[in-house]
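Working notes for the structure below.
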There are 2 protein chains.
Amino acid sequence: MSKIRLLLVDDHEIVRAGLRMLFLAEPDMEIVGEAGGGADAIRAVADLHPDVVLMDVAMPGMNGIEATRRIKEANPETAILALTMYEDEQYFFEMLNAGASGYIPKRAAPDDLVSAIRVVSQGNVFLYASLARFLLNEVLPTHDAKAGDSLTEELTPREREVLTHIAEGKTNREIADVLIISPKTVDRHRENIMQKLNLHSRVELVKYAISRGLIRVE
Amino acid sequence: MSKIRLLLVDDHEIVRAGLRMLFLAEPDMEIVGEAGGGADAIRAVADLHPDVVLMDVAMPGMNGIEATRRIKEANPETAILALTMYEDEQYFFEMLNAGASGYIPKRAAPDDLVSAIRVVSQGNVFLYASLARFLLNEVLPTHDAKAGDSLTEELTPREREVLTHIAEGKTNREIADVLIISPKTVDRHRENIMQKLNLHSRVELVKYAISRGLIRVE
DNA sequence: ATCTTTGTGGGGCGAATCCCCCATACGCGA
DNA sequence: TCGCGTATGGGGGATTCGCCCCACAAAGAT
């Protein structure tokens, strides 16, 4: 029986080193390559044709979801096992939709990981216990909005108001019209907000606002 | 390490005999009981508390679906692996809904079967390759039709890649450097994305990307 | 063999953003 | 009373954005 050929994809060298150590102890598995990002992963799959790709989901640049989609498109026989820090419903479905054959968190026991690799290498599907509930539970009402934090102390009420409008997508001009103040004043508030939070673009502001629950997406 | 305690449930003695022979070769598994029908299976689980129940789906009297439902109700920690002759979509979903942690056809290789047992004994989910497509074809589209699928069809891979970078807060110039293309090409992709999605600013793009799970806010 | 899609680029232009400078006024606590 | 924070506003300028125009090559579909 030939060994299961593995490709490791994770942007953290430390994580890959840990996985290398882990698979040294498995005589029926060998690591044939590594990639630090989605684009590298696609090239590596094309070059090496691994049996199983261990794919991190969240990576800078091309993330694991997109990389998975493209690998499966070009190489359907390659099994992809999502290995992630996030036990998140959205990621879970996105990865399966992209073509992943398995989903396992990084906190899982090593035995579970090697077991998952054997399963997906045969074309079967492995889902970690904590993720399985997503299949049947549909939507979990886990909307525990934790309000009141550093934001309340760092920003003034007016600044929070301006930040909310910015996060909603309004321009300075539009915000000025709503608040009945000068566009320059809105700009002034925006500057102060960015300075306080050490952010440097509207995109960063909107992500900050979302993370603090100031606005809600969709 | 203690052995995985198995209960065999099948109305055909000959099938159970085959399984007995199979598991004799597995030192980490032992058969603690057998049942020839659903009602017997429920009693056997109550008496023996096996780790994994190998459950035939189609049986005279109480079938495997109903038996699974009742066993999981009274004994949620018992893992149930559906072992069936039918690779049928209807049975597949009904068994999962009833609480089965795995689904494997009888024609599967013995190695796949023992692998599946090890997986479900840990609380994880095993789905045989030929059944996996049901998940992607039926469950996922209906589930995330509200979040994630339109994006896959509307945007090209390159556009999704550019959108991810935009949502991370990069400027066109920075994205161009990463992708090794001209800033004008990035701008071109951005224009196409906005046109396709009917969005008109980077802020709207980032919120869209977040709502579709392309990036994550922490 | 032609058409469409995708990806790649260029030029230009008005608007908006982002980051400095500056100022006035109010309220509140030390 | 003297700061200090908050809110208000102006000027300027480098950069980026958003949206038009245009083109060409490769790959797939029809």
Side-chain angles (χ1 to χ4, degrees), chain A residues 38-39 42-43 46 61-62 66-67 69-76 98 150-209 214, chain B residues 150-209 214:
Chain A
I42 292 171
R43 280 191 293 273
M62 188 191 297
E66 182 63 27
R69 195 170 357 241
R70 298 218 203 166
I71 288 172
K72 291 300 285 188
E73 196 174 328
N75 234 315
S150 62
L151 177 139
T152 307
E153 290 145 45
E154 288 179 23
L155 298 184
T156 69
R158 195 57 155 177
E159 284 167 350
R160 282 196 299 276
E161 196 172 2
V162 169
L163 176 53
T164 301
H165 287 296
I166 288 176
E168 284 171 353
K170 294 190 179 76
T171 68
N172 293 339
R173 172 86 252 168
E174 292 169 339
I175 298 170
D177 289 344
V178 172
L179 301 183
I180 331 251
I181 55 179
S182 162
K184 286 303 289 186
T185 301
V186 177
D187 209 47
R188 174 84 276 168
H189 286 309
R190 178 198 52 76
E191 279 194 67
N192 290 335
I193 295 166
M194 284 185 174
Q195 207 270 319
K196 285 181 178 178
L197 304 179
N198 192 30
L199 301 178
H200 305 87
S201 76
R202 279 174 125 76
V203 165
E204 292 179 18
L205 285 180
V206 63
K207 292 199 287 186
Y208 181 89
L214 259 184
Chain B
S150 61
L151 176 140
T152 306
E153 290 156 39
E154 289 181 20
L155 298 184
T156 70
R158 197 56 157 177
E159 287 167 348
R160 286 193 297 273
E161 197 171 0
V162 169
L163 176 54
T164 302
H165 286 295
I166 287 177
E168 285 172 354
K170 296 190 179 75
T171 67
N172 293 338
R173 169 90 255 169
E174 292 168 338
I175 297 169
D177 290 343
V178 172
L179 300 184
I180 331 241
I181 56 179
S182 161
K184 287 302 290 185
T185 302
V186 178
D187 210 47
R188 172 88 277 161
H189 286 308
R190 178 198 53 75
E191 279 193 66
N192 290 335
I193 295 166
M194 285 184 173
Q195 206 270 321
K196 285 181 178 179
L197 304 179
N198 193 29
L199 301 177
H200 306 85
S201 76
R202 279 175 126 75
V203 166
E204 292 180 23
L205 285 181
V206 62
K207 291 199 288 183
Y208 182 89
L214 258 185

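These numbers come from the heavy atoms of this one structure, side chains and all, not from hydrogens, waters or symmetry mates. Labels below follow one simple rule: chain letters A, B, ... track the order of the sequence lines, proteins then strands, and each chain is numbered from 1.
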What integer distance in Å separates [X]:[atom1] from [N]:[atom2]?
{"X": "Ile166(B)", "N": "dT16(D)", "atom1": "CD1", "atom2": "P", "result": "14 Å"}
{"X": "Glu161(B)", "N": "dG7(C)", "atom1": "CD", "atom2": "C1'", "result": "12 Å"}
{"X": "Ile181(A)", "N": "dT6(D)", "atom1": "CD1", "atom2": "P", "result": "16 Å"}
{"X": "Asp177(A)", "N": "dG9(D)", "atom1": "CG", "atom2": "P", "result": "12 Å"}
{"X": "Ile175(A)", "N": "dA16(C)", "atom1": "CD1", "atom2": "C1'", "result": "12 Å"}
{"X": "Gln195(A)", "N": "dG5(D)", "atom1": "CD", "atom2": "C1'", "result": "14 Å"}
{"X": "Ile180(A)", "N": "dA7(D)", "atom1": "CD1", "atom2": "P", "result": "17 Å"}
{"X": "Leu197(A)", "N": "dC19(C)", "atom1": "CG", "atom2": "P", "result": "12 Å"}

Can you tell me if His189(A) touches the phosphate of dA7(D), counting only side-chain N or O atoms and a distance under 4.0 Å to OP1 or OP2?
no

Let me confirm one number: the CG-OH distance from Leu163(B) to Tyr208(B), rounded to the nearest 0.5 Å.
8.0 Å

d(Leu205(A) CG, Leu199(A) CG) to nearest 0.5 Å is 5.5 Å

Are there any protein N/O atoms within less than 3.5 Å of an N/O atom in nucleotides 17-20 of chain D, and if so, which ones and at what distance?
from    : atom 1 : to        : atom 2 : distance (Å)
dC17(D) : OP1    : Arg202(B) : NE     : 3.1
dC17(D) : OP1    : Arg202(B) : NH2    : 3.2
dC17(D) : OP2    : Asn172(B) : N      : 3.3
dC17(D) : OP2    : Asn172(B) : ND2    : 3.3
dG18(D) : OP1    : Arg202(B) : N      : 2.8
dC19(D) : N4     : Asp187(B) : OD2    : 2.8
dC20(D) : N4     : Glu191(B) : OE2    : 3.2

Pairs in or reaching into residues 162-180 of chain A: which pass salt bridge (charged side-chain N to carboxylate O under 4.0 Å, His left out), with residues at least two apart or in two chains?
Glu168(A)-Lys170(A), Arg173(A)-Asp177(A)

Quick note, salt bridge (charged side-chain N to carboxylate O under 4.0 Å, His left out) partners involving residues 194-206 of chain B, not counting sequence neighbours, are Glu159(B)-Lys196(B)

Check nucleotides 24-27 of chain C against the protein and report each pair of N or O atoms closer than 3.5 Å, with its distance, or say if there are none.
none

Under the side chain to side chain donor-acceptor pair (under 3.5 Å) test, residues paired with Arg70(A) that sit two or more places apart:
Glu66(A), Glu161(B)

Pairwise side-chain contact, His165(A) with Leu179(A), heavy-atom cut-off 4.5 Å (strictly under)
yes

Using a cut-off of 4.0 Å on non-hydrogen atoms, how would the nucleic acid contact of Thr185(A) be classed: base, sugar-phosphate, or nothing?
base

Overall bend of the helix from dA1(C)-dT30(D) to dA30(C)-dT1(D) (five pairs an end, 10° steps) is 40°

